[in-house]
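Notes to accompany the following structure.
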Amino acid sequence: MTEQVDALVIGAGPAGLMAAEKLAEAGRHVVIAEAMPTPARKFLMAGKSGLNLTKDEPMPDFIGRFSGGAREALGYWDTGEPDFGPSEVMHWAEGLGIELFTGSTRRVFPVGMKASPMLRAWLARLRAAGVELRTRWKWVGLGDGFRFSTPDGDRVLNPSATVLALGGASWPRLGSDAGWKPLLEAAGVELTRFQPANMGLRVHWSDAMDRHFGSAVKGVAIHAGTQVSRGEWVITRSGIEGGGVYEVAARIRDGMEAKVDLFPDLDESAVEQRFARPKGKLSIGNWLRRVLGEPVKIALLLEWGRPWPMTASHWAKRAKALPLRHDGPMGLEQAISTAGGISESAITADLQLRALPGVFVAGEMLDWEAPTGGYLITGCLATGRRAGQAAAIYLDRTEQADGWSR
């Protein structure tokens, strides 16, 4: 059974919902097909830690955090004014009735620190605009239309325009399983290899680190080339994770050597004074406990600081540039987001697939990446907005051309 629809959006995450919103604003009847039982599961999971919606910082600083072959899909480089930057995201959220606040690091959160009130308000606005959400509709094939596996059997939708917003390859249990990859490859869409982004790093710890599993590492800085992260991170049984690691994870994944500054607020001479305390007959561990008094920093210094220095000056240098010894990034299934996906060469300037006219793409399907801290969600909203607007323009032009031909 084939059903004709005006506009189809596949994927009900932030990018897909935003695309549906722009299509509905243009007067289109929109059907959203979502494989999971409920929409925006990854968005809700992100909200459990506070829903960092965006980061209120100057646009040059903001866009400098995006990378990847298709980063121009965000629309931040080809216009004089940003299509949908931090200020626009905040204005949009407030339009949903969500009160926001900006923290000391310029990160922007809902006052309630949850994603669910925003999602409820957003879905209500979409329903009022006539948007139809169909859950448990999994896209499984292309042919004379888009074929779906549904609770009522296979269904085929034949849309006049489509926006794909199915996510990347991270957190597959929440729906982003890259099941679309073979479908698009078979259609001739060029893809780049998926890699984990915003992921932890695997570390094979010595037995001495067991007691520190679950401990937070605070007040340090990780340097990866010119990029510096001052965020908090956590020591786990399998490695290190947390915002402070994610911020520089892409550079480390790509081969950049990383160093940890255990005392980023002190210069080297001040740190050297701490290590000038005589060791006497104390063991290295007991001496460091008296010198530093911070168990987690001491543990990292003992773990990654070998061969141990012999002088106060060398201890200070080691503590200010401690090698971050790791065994590679954690896998895609553990990553918050992914790099790779649909390549820049596969899309037009308006996010239309060259191999599939009338089909537009948004969100993490595209080959761009950014750290956590508000950048990811803003990027998904921005690409969804662009794709939805472009699909609406495509529909208008198609109808005008059909009218002219008649």
Side-chain angles (χ1 to χ4, degrees), residues 41-43 45-52 65-68 105 107 167-178 193-225 227-262 264 295-297 299-304 322-341 364 368-377 379:
R41 288 196 167 193
K42 190 173 177 182
F43 181 71
M45 178 64 75
K48 287 189 174 182
S49 59
L51 190 63
N52 185 187
R65 305 309 301 276
F66 292 88
S67 59
T105 61
R107 295 181 178 185
S170 65
W171 287 10
R173 63 188 177 87
L174 300 180
S176 296
D177 61 2
R193 180 174 63 91
F194 280 121
Q195 296 185 84
N198 288 298
M199 69 291 175
L201 300 171
R202 293 181 292 107
V203 180
H204 290 103
W205 302 109
S206 69
D207 292 342
M209 290 297 292
D210 288 4
R211 72 187 70 176
H212 299 286
F213 294 160
S215 297
V217 183
K218 304 178 181 180
V220 307
I222 301 177
H223 293 252
Q227 194 169 342
V228 182
S229 170
R230 290 290 301 263
E232 182 178 321
W233 40 285
V234 177
I235 297 170
T236 71
R237 183 173 299 276
S238 55
I240 57 176
E241 299 184 53
V245 173
Y246 303 154
E247 194 167 354
V248 292
R251 292 200 174 194
I252 298 173
R253 176 200 67 208
D254 294 341
M256 185 75 69
E257 184 181 20
K259 304 280 189 180
V260 181
D261 184 346
L262 297 176
V296 173
K297 290 185 179 181
L300 291 173
L301 190 56
L302 290 172
E303 185 76 5
W304 288 339
L322 182 66
L324 195 162
R325 305 188 194 279
H326 64 91
D327 300 290
M330 294 183 181
L332 283 169
E333 71 284 352
Q334 296 174 280
I336 289 178
S337 61
T338 49
E364 288 190 58
W368 62 269
E369 63 176 308
T372 56
Y375 302 99
L376 275 175
I377 292 179

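Atom set for the values below is all heavy atoms of this structure, side chains included, hydrogens, waters and symmetry mates excluded.
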Set out, in order, the CA-CA distance, both residues' side-chain angles and the distance that settles side-chain contact (heavy atoms from CB on, under 4.5 Å) for S206 and E303, then state yes or no. CA-CA 7 Å; S206 69; E303 185 76 5; 2.6 Å; yes
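- Put simply, the side chain of S229 gets close to the backbone of G244: a donor and an acceptor are under 3.5 Å apart.
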Before giving the answer on side-chain contact (heavy atoms from CB on, under 4.5 Å), spell out for M199 and I336 the whole-Å C-alpha distance, their side-chain angles and the decisive distance to 0.1 Å. CA-CA 6 Å; M199 69 291 175; I336 289 178; over 6 Å; no
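- Scanning all heavy atoms of the two residues, the minimum distance from S170 to A335 falls at CB-O, 3.1 Å.
- In this structure a side-chain-to-backbone donor-acceptor pair under 3.5 Å is missing from E333 to R173.
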Would M330 and L201 count as a side-chain contact (heavy atoms from CB on, under 4.5 Å) if you check the C-alpha gap in whole Å, the side-chain angles of each, and the deciding distance to 0.1 Å? CA-CA 5 Å; M330 294 183 181; L201 300 171; 6.0 Å; no
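- Checked by atom type and distance alone, the side chain of R251 never pairs as donor or acceptor with a backbone atom of G225 at under 3.5 Å.
- Y246 and P371 make their closest contact through O-CB, 4.4 Å (heavy atoms, listed as atom of the first residue, atom of the second, distance).
- Across R107 and N52, no two heavy atoms sit closer than the pair CD-OD1, 3.2 Å.
- Comment: E241 does not engage R202 in a salt bridge, judged by the lack of any side-chain N to carboxylate O separation of less than 4.0 angstrom.
- Separating the CD1 atom in I235 from the CD1 atom in I240 is a distance of 8.5 Å, to the nearest 0.5 Å.
- Heavy-atom minimum distance, V228 versus A221: CG1-CB, 4.0 Å.
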Show, in sequence, the C-alpha distance, side-chain angles and deciding distance for F213 and W205, and conclude whether the side-chain contact (heavy atoms from CB on, under 4.5 Å) test is met. CA-CA 10 Å; F213 294 160; W205 302 109; 3.5 Å; yes
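- Contact annotation: the side chain of F66 never approaches that of L376 to less than 4.5 Å [non-hydrogen atoms, C-beta and beyond].
- A donor atom on one side chain and an acceptor atom on the other are not found under 3.5 Å apart for T372 and E247.
- If you take OG1 on T338 and CZ on R193, they are separated by 12.0 Å, rounding to the nearest 0.5 Å.
- Under the 3.5 Å distance criterion, the side-chain polar atoms of N198 are left unmatched by any main-chain donor or acceptor of S337.
- Residue E232 comes nearest to A216 through the heavy atom pair OE2-CB, 3.4 Å, listed as atom of the first residue, atom of the second, then distance.
- Residues E369 and R253 meet the side-chain proximity criterion, which asks for heavy atoms closer than 4.5 Å.
- In this structure, CG on L324 lies 11.5 Å from NE2 on H223, to the nearest 0.5 angstrom.
- Counting only heavy atoms from C-beta outward, the side chains of L174 and M45 approach each other to under 4.5 Å.
- Here the CE-OG1 distance, from M209 to T236, works out to 10.0 Å after rounding to the nearest 0.5 Å.
- Judged by distance alone, with hydrogens and angles left aside, the side-chain atoms of D177 form no donor-acceptor pair with the main-chain N or O of A169 at under 3.5 Å.
- Listed here is the closest heavy atom pair of K297 and V220: CE-CG1, 3.7 Å.
- Contact annotation: the side chain of R230 approaches that of P264 to within less than 4.5 Å [non-hydrogen atoms, C-beta and beyond].
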